[in-house]
Amino acid sequence: MKIVRVQDIIGTEREVSDKQWTSRRLLLKKDGMGFSFHETIIKAGSEHTFWYKHHLEAVYCVSGNGRIKDLATGEVHEITDGTLYALDKHDRHTLYGGTEDMRLICAFNPPVTGREIHDEDGAYLPDTSDN
């Protein structure tokens, strides 16, 4: 059994951030669950384009608001507390922070290692390591 408290991750190598977002990686590949699990804070008014070409992601909003735009179709969807979106087709998208910070709970498959950085397309490169 694993017990992970987000307050124990703050300020460690499992917390990654820049001026517009913070990602707290509660479960990583090395935890052996087959997926990774994150708390992500998207700052109000920010804009992010991502394209997880090598990962599937499910995201559940637990507080705040924003929008997501599917860059293949142009469709825009509102995100509020209680909204889940699943990037089931490796969807290229732009995420817009709303009037207040969004707190998102995210699961990635395959799991991330925690060492990833976004490339020029907004993607994480595939992990080829054994651990």
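A quick note: this is a predicted structure, and the numbers were derived from the prediction, not measured.
- Below 30°, between 30° and 60°, or above 60°: for H48 and F50 the angle between ring planes is below 30°, a parallel geometry.
- Distance check: E75 CD to K69 NZ gives 11.0 Å after rounding to the nearest 0.5 Å.
- Put simply, CH2 on W21 and OG on S46 are 11.0 Å apart, with the number rounded to the nearest 0.5 Å.
- In terms of the side-chain hydrogen bond (donor to acceptor under 3.5 Å, both in side chains) criterion, T22 has no residue partners (sequence neighbours excluded).
- Across M102 and C61, no two heavy atoms sit closer than the pair CG-SG, 4.5 Å.
- Under the 4.5 Å side-chain heavy-atom criterion for ILVMFWY residues, a single connected hydrophobic cluster contains both L27 and V62.
- Nearest heavy atoms, F108 versus H38: CD1-NE2, 3.5 Å.
- Judged as a side-chain hydrogen bond (donor to acceptor under 3.5 Å, both in side chains), the pairs with a partner in residues 93-105 (not counting sequence neighbours) are, in order, E39-R103, T49-T94, N65-T99.
- Hydrophobic clustering (side-chain heavy atoms under 4.5 Å, transitive across Ile, Leu, Val, Met, Phe, Trp, Tyr) keeps V6 apart from V59.
- In this structure, CH2 in W51 is found 11.0 Å from CG in D91, a value given to the nearest 0.5 Å.
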Review item, side-chain donor-acceptor pairs of residues 76-86, under 3.5 Å, at least two apart:
residue : atom : partner : partner atom : Å
T83     : OG1  : T80     : N            : 3.2
T83     : OG1  : T80     : O            : 3.0

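- Residue L56 is not grouped with residue L26 when hydrophobic side chains (ILVMFWY) are merged at heavy-atom distances under 4.5 angstrom, including chains of intermediate members.
- Of all the heavy atoms in P111 and G34, the pair that sits closest is CD-O, 3.5 Å.
- From E47, atom CD reaches atom CD1 of I42 across 11.5 Å, with rounding to the nearest 0.5 Å.
- No side-chain heavy atom of V112 sits under 4.5 Å from any side-chain heavy atom of K29.
- Counting heavy atoms from C-beta outward, T113 and L28 have side chains that stay 4.5 Å or more apart.
- I41 has its side chain out of reach of L104: every pair of non-hydrogen atoms, C-beta onward, lies at least 4.5 Å apart.
- Residue pairs satisfying the salt bridge (Lys or Arg N to Asp or Glu O under 4.0 Å) criterion with at least one member in residues 3-21, sequence neighbours excluded, are listed as follows: R14-D31, E15-R24.
- Closest heavy-atom contact between L87 and Y52: CD1-CD1, 4.3 Å.
- The hydrophobic clustering, which links ILVMFWY residues whose side-chain heavy atoms are closer than 4.5 Å, places F35 and I105 together.
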